[in-house]
Amino acid sequence: MDTLILSRIQFGANISFHILFPTITIALGWVLLFFKLRFNATGDEKWMQAYRFWVKVFALSFAMGVVSGITMSFQFGTNWPGFMETVGNIAGPLLAYEVLTAFFLEAAFLGIMLFGFSRVPGWLHTTATFLVAFGTTLSAFWILVLNSWMHTPAGFEMRDGVAHATDWMAIIFNPSMPYRLTHMLLASGLTVAFLIAGFSALRWLMGDKGAEVRATLRFGAWMGAALIPVQIFMGDLHGLNTLEHQPAKVAAMEGNWETRSNVPLLLFALPDEETRSNNFEVGIPNGASLILKHSADGVVPGLNDFVLEDGTVKHPPVAPVFWSFRVMVGTGLAMLALSWSAVFLMRRQRGPEGLPKLWLYGFVGMAFSGWIATLAGWYTTEIGRQPWLVNGVMTTAQAVADVPAGMVASTLFAYLAVYAALIVAYMGVLTYLARKAARGEGVPTREAPLAPEATVRALQPGE
């Protein structure tokens, strides 16, 4: 493999590892705020216990996200210098806005959120939780502004091969940004919903059936059930936006080679780029045309439209985009089935007691299903952008550094080894926290608060 392929794999590995943790912290910050507000309003200590357990998960995930984000940012200089040389006038300020407006906000109030339970007034601790949650969302906003602009660039002009901003509002609110941002925020919400439901189900199976676990298991299932239909709807809108601005990506997602009407929705196929056809197709007649054009006679673009006369291919690799899209959709449908059936069963029995063990094991097994769906969606959209790095402006090959392939390979293997160890450690810590909580260790109560100096008064509602 040459430098270009290795550099793409390395950046893909880094972003894949990094995105796991913001996907948790973006929504978990707001969930923690909900837990705190419920405690303030009701005085029910189960909400404070839930806050204390999940704030540990937030802190661990936040730390992992910061460290992996710093590592990832180095690659703009080491592996992709052409990117900043060409579009640095736009990418640089957007990344700076993220640091100045979001990261500093998170860093300033994170300490109060984590350690200020009994050291500051209750209203200040609640405010700090809100500001940290707001900061994580603001950080996602700026990063997705840049990512969306790379897919649908607007508000700039090229001078001597360098992009210069002409309209910052057009850059920020580029055509795909609202869809991409909403889709990602909902993905974060679903990730957290199934993470909470999964670990609550694990604690339930371990014998911990206290009020906190009952509340968080019900909360996670309801949150997932509420968000998944919204995500499906937004995914459809995002797909229509992609069809308008990146038809080659949609053609790869659908595995459609010829521009035509009455295109089936392929459930299974083996795309073959050498013969430019699919093997073993299993599909729903007219399905793709109905979804993308809302008409069985709707014309869907084909991949062969993006091959030049000299044979140069201007569409993304088909198989990775085709299959990652189906993994994302399949995971979403599994989320829909599990969450809706669980809510139905709990409503009949007025609580988690109505869930058979099979459903509890299902939530445990799908605790990290949000990660699977997020990564699959990320691969769909990012591989689907190839061969462009900034759509219509510069290709990936134009941005890669001129360094030996062996150097990139050695650092790639080092990254993969470290990331494998870190993800195993992260999973181990989460499981340890769940087991410890299930045994009743480290769970704050009025008789034994988490912090020795904490007092009952410090946890009163409204303070």
Side-chain angles (χ1 to χ4, degrees), residues 24 27-59 113-114 117-118 122 125-126 129 133 189 192-226 338-339 341-364 366-367 430-452 454-463:
I24 290 177
L28 187 54
W30 294 107
V31 170
L32 289 171
L33 178 63
F34 173 80
F35 289 163
K36 186 67 189 297
L37 291 175
R38 288 294 294 158
F39 172 77
N40 291 345
T42 66
D44 192 334
E45 200 158 327
K46 69 186 179 186
W47 297 113
M48 181 54 72
Q49 291 179 355
Y51 185 102
R52 298 251 185 146
F53 176 83
W54 286 101
V55 80
K56 298 174 186 176
V57 178
F58 181 92
M113 176 181 170
L114 296 180
F117 293 105
S118 59
H125 183 262
T126 301
T129 303
V192 169
F194 279 86
L195 183 67
I196 290 175
F199 273 83
S200 299
L202 178 63
R203 290 173 62 181
W204 186 278
L205 290 168
M206 291 176 181
D208 181 5
K209 301 182 180 180
E212 176 210 345
V213 175
R214 290 172 56 87
T216 53
L217 179 53
R218 185 186 296 110
F219 173 83
W222 271 100
M223 183 178 176
L338 180 61
S339 61
S341 60
V343 166
F344 174 76
L345 292 170
M346 285 192 290
R347 281 180 61 85
R348 292 182 60 188
Q349 296 293 327
R350 297 184 181 275
E353 290 85 358
L355 289 179
K357 274 195 173 182
L358 180 62
W359 267 254
L360 293 170
Y361 283 115
F363 275 119
V364 173
M366 291 189 65
L430 292 190
T431 305
Y432 167 76
L433 290 175
R435 291 183 180 277
K436 186 176 180 181
R439 293 195 299 264
E441 301 174 16
V443 179
T445 64
R446 292 186 184 276
E447 292 75 22
L450 186 65
T455 63
V456 173
R457 185 179 179 281
L459 299 178
Q460 290 304 306
E463 290 194 341

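If you're wondering where the values come from, they're calculated on a predicted model, not measured in any experiment.
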Decide side-chain contact (heavy atoms from CB on, under 4.5 Å) for Met48 and Lys36; before the verdict, give the C-alpha distance in whole Å, the side-chain angles of both, and the deciding distance to 0.1 Å.
CA-CA 6 Å; Met48 181 54 72; Lys36 186 67 189 297; 3.7 Å; yes
Apply side-chain contact (heavy atoms from CB on, under 4.5 Å) to Phe39 and Gln49, showing your working.
CA-CA 9 Å; Phe39 172 77; Gln49 291 179 355; over 6 Å; no
Given side-chain contact (heavy atoms from CB on, under 4.5 Å), test Phe194 with Leu338 step by step and report yes or no.
CA-CA 10 Å; Phe194 279 86; Leu338 180 61; 4.1 Å; yes
Mind running side-chain contact (heavy atoms from CB on, under 4.5 Å) on Met223 and Phe34 for me, showing each step along the way?
CA-CA 12 Å; Met223 183 178 176; Phe34 173 80; over 6 Å; no
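The structure places CG of Leu202 at 11.0 Å from CG of Leu217, a figure rounded to the nearest 0.5 Å. We find the CZ-CD1 distance between Phe35 and Ile196 to be 4.5 Å, quoted to the nearest 0.5 Å. Residue Thr126 holds its OG1 atom at 4.0 Å from CG of Asn40, rounded to the nearest 0.5 Å. Separating the CZ atom in Arg52 from the CD atom in Glu212 is a distance of 11.5 Å, to the nearest 0.5 Å. The CG atom of Leu32 sits 4.5 Å away from atom CE of Met113, with the distance rounded to the nearest 0.5 Å. One distance of note links CZ of Arg347 with CH2 of Trp222; it measures 5.0 Å at 0.5 Å rounding.
By the 4.5 Å heavy-atom criterion applied to side chains, Phe199 and Val57 are not counted as neighbours.
In this structure, Arg38 is not positioned above the aromatic face of Phe219 in the sense of NZ or CZ being under 6.0 Å from the six-membered ring centre and within 45° of the axis.
Here the closest heavy-atom approach between residue Ser339 and residue Ala221 is recorded as CB-O, 3.9 Å. When all heavy atoms of Ala225 and Val343 are compared, the closest pair comes out as CB-CG2, 3.8 Å. Between Trp359 and Ser341, the shortest heavy-atom contact is NE1-OG, 2.7 Å. What you find for Trp54 and Thr216 is that their closest heavy atoms are NE1-CG2, 4.3 Å. Heavy atoms only, all atoms of each residue included: Phe363 and Ala197 are closest at CD2-CB, 3.6 Å. In this structure, Leu28 and Val192 approach most closely via the heavy-atom pair N-CG2, 3.6 Å.
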